[in-house]
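Down below is the structure, laid out as C-alpha cells.
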Amino acid sequence: MFGDEELIKLHRKRATQVANIILVCFGVVMLRLWYLQVYKGELYHKFSIQNRLRKEIARAPRGMIYSANDQLLVDNIPRFDAVLTRQYLKNKKETLSRLSSILGMDIKEVKQTIKKHSSQAKYRPIIIKKNISLAEVARIETENAFLPGVSVDTFISREYVDSEVGAHLLGYISEISQQQLPKYRSRDKLDYHLGDFIGQFGIEEEMDKTLRGDNGFEYVEVDALGRKKKYINTDNLFQGIKDETPKPGKNLKLTIDRDMQIAAYEALKGKSGSLVALDVKTGKILTMVSTPAFDPSQFSRGLTTEYWNSLIKNEENPLRDRSIQEHFSPGSTFKPFTAIAALEEGIIDPTTKIRCHGTYRLGRRVYHSWKRWGTEKVNVTDALMQSCNIFFYKAATDMDIDSLAKYAGMFGFGERSGIALPREVSGLIPTKEWKLKRNGIPWQQGETLSCSIGQSYVLVSTLQLANAYAALATKGKLYRPYVVDEVFDYNGKQIKKFEPELIREIKLKDSTWDVVREGLHKVMNEPKGTGWWRRGFGNNMAGKTGTSQVIRAQSAENLYSKCSEMPYEFRHHGVFVAFAPYDDPQIAVAALVEHGCGGSSAAAPVVEKVVSQYMQKYLPEKHKVFAKEEKAQYMNFLRKRNAARAKAKAQEEAANTPETPAANRD
C-alpha cells in the first residue's frame with residue numbers, strides 16, 4: 001500500500017503532467033490565435049469584410065459609331081434588367097411567384113431561365129427579364145425585403161439612331177450563346193460568360209474587340225439575404241477594398257454618308273434589294289443598304305418571340321445582307337467586261353459593226369436578244385448603248401471562256417473584295433477547269449455566249465459590281481473597299497486612321513478604256529440608250545442597265561412575255577450600275593432590285609436618287625451646270641420627236657385623204 005507521502009507525490013506528478021498538457025494546449029491555441037489574428041489578421045479581416053460585400057460587374061460602355069460627317073449612328077442608352085442571384089435565394093417558391101407577378105411573366109418561364117443557367121456558379125447573377133420598365137424597377141426596389149436574391153442591374157444598351165437604315169452594315173449586339181462561348185473565349189482570350197453581349201453582325205461583329213471596353217467592378221454591402229445595403233465609399237471599415245472603373249471602348253468614324261444612306265433606304269423601301277456606293281478614288285464605302293431590313297436595337301434590348309418569328313419566317317429573309325452575302329447574275333451590266341476582253345484579244349476593234357437583229361444561231365441552239373426585231377448594224381459603243389445581245393454573242397463565238405475569266409478577274413469578279421465585314425461571298429466567274437471539276441464534263445462554246453451577257457454561271461455581288469465600275473471610271477485603279485475611316489478614344493484622340501489600299505492597276509489599251517467608257521456614257525445620254533429615261537438631271541452619269549434572269553426562258557414567247565404579269569417569284573431582277581460625273585468620276589453606285597423586271601425601270605431610279613443626293617451635296621455647282629445642259633438636251637429631243645410625229649401624222653392623213661375629182665377643182 002502506498003503511504004500518504006507517496007500518494008501525494010504520485011498525484012503531484014500527474015497534476016504537473018496535466019498542467020503541462022493544459023499549458024501546451026493553451027499555447028497552441030494562443031499561437032493559432034496569433035497566427036490568425038496577427039500574422040494573417042489582415043487577410044482574414046479582408047475575407048470577413050468580403051462576406052458582407054458583393055462584387056458587381058460594371059460593364060464598360062461600347063464605343064459609339066459616327067458617320068463620315070460626324071453624325072451619331074449608334075449610341076449607348078441605359079437599360080434595366082431584373083436579375084437573380086441563386087446564392088441568396090430563399091423561399092424559392094414564394095420569391096419566384098412574387099417576381100413573376102411583378103414582371104408579368106409565367107412562373108414556368110422564370111424557372112426555365114434559371115435552369116438554363118444552372119451550370120454557372122451560384123454567385124453569378126442570372127438575367128430574368130431584360131429592359132424592364134421603370135414601374136417594374138420601382139416595384140422590385142419597394143418590395144426588396146420580400147425578394148431575397150433579386151435585384152435590378154443597369155445595363156448600357158445599344159441604340160441605332162436610324163433604326164433599319166443600314167442595319168446590315170452596322171450589325172447588332174446580343175447575348176453570347178452557350179455554343180459560342182468556347183469559340184469566342186479562344187478567339188479573344190477573354191473569360192466570357194452567359195449574359196455577356198458581343199457583336200454578332202456587321203461592323204459590331206467585325207470591330208467587336210475595338211468597340212468593346214474593359215469591364216470594371218464595384219463592391220456593394222449586402223445582408224445575409226443578398227439585399228443591397230449601401231455602396232462602398234469612405235467607410236473606414238472597408239479600407240483597401242477598391243472599385244475598378246470600367247474603360248470605355250473605342251469610337252469609330254465610318255466612311256458612310258448618312259444622308260445618302262437614308263436616300264438609298266427610302267428608294268429601296270418596300271422592295272427586296274441592295275445598293276452600294278463608293279468613292280472611286282479611294283474605295284471608301286459611301287452607302288451600303290440592304291432591304292428588307294430589321295431593327296438592330298431590338299437585339300440589344302432583348303428580342304421578343306413575336307419579333308424574332310417575324311424575321312425568321314419572312315420569305316424575303318431580312319437578316320441576309322444582300323450587298324455582300326448574296327450573289328446573282330449581273331445580266332447586261334457585265335457586257336462592258338466582255339467588250340474589254342474582245343477588244344484586248346483582237347476579236348473586235350472599235351470600228352467592228354455587227355447587225356443587231358433578234359436572234360443568233362450557234363449549232364442547234366438559237367440565242368435571243370432582248371429586242372425581238374432589229375436590222376441596224378452597230379459598233380461596240382452603240383452595242384453597249386442599246387444593250388445589243390447579238391453583238392456580244394458574235395464576239396463571244398470566237399472567245400475562249402478562260403480569256404473572259406481573265407479580264408473579269410482583273411476587275412475583282414470571282415474573288416472576295418476583302419472588305420472588313422463578315423461573310424462576304426466571292427461570286428463566280430467560270431473557267432474550263434472549274435466546270436470539269438464541278439460537273440465532270442467539258443466546257444461548251446455556247447455557254448461562253450450566255451456568260452458574255454452576264455447570265456449562266458456568272459455570279460456577282462452588288463459590292464463587286466460597284467467596285468468594278470469604279471475601276472472603269474478611273475481607267476484601271478481597283479481599290480479595296482473599306483468602311484471604317486478612323487478609330488478614336490473618348491477624348492477624341494485618334495488611335496488609327498485607315499488609308500486607301502490599291503489592289504491592282506489594270507493595264508489596258510487607251511482605246512479600250514475610251515471606247516467602253518463612251519458606250520456607258522451613251523447609255524445614259526443618248527435617246528437610244530437604255531438608261532436615257534432614268535438618268536435624272538444634273539448627274540452626268542455613265543452606266544449600264546441589266547436584267548438578271550431568275551429562270552431560263554424556255555421559248556421565245558416566254559422570253560418576250562410581259563415580266564410584270566409573271567408570278568412574282570419568276571420575275572427577273574433589275575440591275576443598274578453607274579459612275580458620275582463622267583468628266584471627272586467621283587462615285588460609283590450599283591443597285592439590285594429583286595424581281596423588279598428590268599434595270600432601267602426598277603434599279604436605275606434607285607441609283608439616280610443616290611447619285612443626285614451626292615451631286616447636290618458635294619458638287620452643287622457642277623450639278624446645276626449639268627442639269628441645265630441635260631434639260632436643254634431633253635427639251636430639244638422632245639421638240640424633234642414631236643415634229644417627227646406631227647410630220648408622220650400629216651403624211652398618214654394625206655395618204656388616207658381621197659383625191660378630189662378634176663371636174664370639181666377650181
Item to complete: Show the numbers, then the answer: is there a salt bridge (Lys or Arg N to Asp or Glu O under 4.0 Å) between Asp70 and Lys253?
Response: CA-CA 7 Å; Asp70 297 316; Lys253 181 178 180 180; 3.5 Å; yes
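- Sorted by first and then second residue, the pairs that involve residues 305-318 and meet side-chain hydrogen bond (donor to acceptor under 3.5 Å, both in side chains), not counting sequence neighbours, are Ser272-Glu316.
- Applying the side-chain hydrogen bond (donor to acceptor under 3.5 Å, both in side chains) rule to Lys497 yields the partners Asp485; only residues at least two apart in sequence or on another chain are considered.
- Counting non-hydrogen atoms of other residues, nucleotides and ligands closer than 6.0 Å to NZ of Lys129 gives a total above 12.
- Residue pairs meeting the ring pair (Phe, Tyr, Trp, His ring centres under 6.0 Å) criterion with at least one partner in residues 471-495, sequence neighbours excluded, are Tyr66-Phe488.
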Item to complete: Let me see the working for Asp584 and Lys281 under salt bridge (Lys or Arg N to Asp or Glu O under 4.0 Å), right down to the final yes or no.
Response: CA-CA 10 Å; Asp584 182 20; Lys281 297 181 178 179; 3.0 Å; yes
Worksheet item: Stepwise, does the salt bridge (Lys or Arg N to Asp or Glu O under 4.0 Å) test hold for Lys284 with Glu501?
Response: CA-CA 10 Å; Lys284 288 182 178 180; Glu501 179 188 349; over 6 Å; no
Item to complete: Would you please test Phe411 and Phe334 for ring-ring contact (aromatic ring centres under 6.0 Å, His included) and show each step?
Response: CA-CA 11 Å; Phe411 288 86; Phe334 191 73; 9.8 Å; no
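- The residue from Arg158, Arg62, Glu159 that alone fulfils the side chain to side chain donor-acceptor pair (under 3.5 Å) condition with Asn76 is Arg158.
- If you check the side chains of Ser300 and Ser157, you find a donor sitting under 3.5 Å from an acceptor.
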Worksheet entry | Pair Gln200-Ser174, side-chain hydrogen bond (donor to acceptor under 3.5 Å, both in side chains): steps then yes or no | CA-CA 7 Å; Gln200 300 272 21; Ser174 68; 3.3 Å; yes
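- Checking Glu326 against Ser461 by side-chain atom types alone, no donor-acceptor pair falls below 3.5 Å.
- If you check the side chains of Asp257 and Tyr618, you find a donor sitting under 3.5 Å from an acceptor.
- Between the side chains of Ser290 and Ser323, not a single donor N or O lies within less than 3.5 Å of an accepting N or O.
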